[in-house]
Amino acid sequence: MNEVTRLLSDLAQGDTHAAGQLLPLVYEELRKLAATRMAEEAPGNTLDATALVHEAYLRLVGPADEARWDNRGHFFAAAAEAMRRILVDHARRKAAARHGGGLARLELEPDLAAAREPREDLLALDEALDRLAAEDPLKAELVKLRYFVGLTLPEAAAALGLSERTAGRHWAYARAWLRRAVEGSGEKS
């Protein structure tokens, strides 16, 4: 009888030391099995092959089951099934509403990040934007298109009938003006 099969038999008989002796013998094969399973998963999975092996091993030799394996092949078949269940459970938890549901991760584009630079209090920004609109309605409209609508600089320039270069100068001026106005309103309170 091969060593793995003997340890599986000892484990089934209740030998608690057999689990500790078994892991080093089966770890590499379990890791390969886990890597194969993980390769089938979508990219960006937070579970890795090592964590999958450890979780599956705990399920296989833990006290929750009184499982008995006939041989090495039976053990690895059970390991593959345990890994499948872990991945399914992980996917269900990830898809649960409290974990973001079916929302997809989006990369933040630099243009969108730039559109959100004034991170100050929204009320102070609104007040400052009204003052900018009184002074220069075109620049205020550019800010509204970039900040609130989320248009890129080229899109906002096209919407206002400006060249990109002119829109870029207006945008730089308006951001600086608003930053100064918002910071100034924070000093008054």
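We use all heavy atoms of the structure for the numbers below, so side chains are in, but hydrogens, waters and symmetry mates are not. Keep in mind it's a predicted model, so treat the numbers as computed, not measured.
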For this session: Starting from the C-alpha separation in whole Å, work towards a yes-or-no answer on side chain to side chain contact (heavy atoms under 4.5 Å, CB included) for K139 and Y173.
Result: CA-CA 8 Å; K139 288 181 179 89; Y173 176 86; 3.2 Å; yes
Problem set entry | Gap separating the CG atom of L30 from the CG atom of L52, nearest 0.5 angstrom |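 Going from the CG atom of L30 to the CG atom of L52 covers 9.5 Å.
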For this session: Just jot down the salt bridge (charged side-chain N to carboxylate O under 4.0 Å, His left out) partners of D10, sequence neighbours excluded, or say none.
Result: R6
Problem set entry | Test salt bridge (charged side-chain N to carboxylate O under 4.0 Å, His left out) applied to E141 - qualifying residues, sequence neighbours left out | none
Problem set entry | Residue list, side chain to side chain contact (heavy atoms under 4.5 Å, CB included) with Y27, at least two apart or on another chain | L23, R31, T50, V53, H54
On a heavy-atom basis, which atom in [X] and which in [Y] lie closest, and how many Å separate them?
X: L138; Y: H170; answer: CD2-NE2, 3.9 Å
X: I86; Y: A56; answer: CD1-N, 3.4 Å
X: A167; Y: L142; answer: O-CD2, 3.4 Å
X: A128; Y: V182; answer: CB-CG2, 4.0 Å
X: E164; Y: L153; answer: O-CD2, 4.3 Å
X: A133; Y: A140; answer: CA-CB, 3.5 Å

Problem set entry | Side-chain heavy atoms of E127 within contact of R131, under 4.5 Å | yes
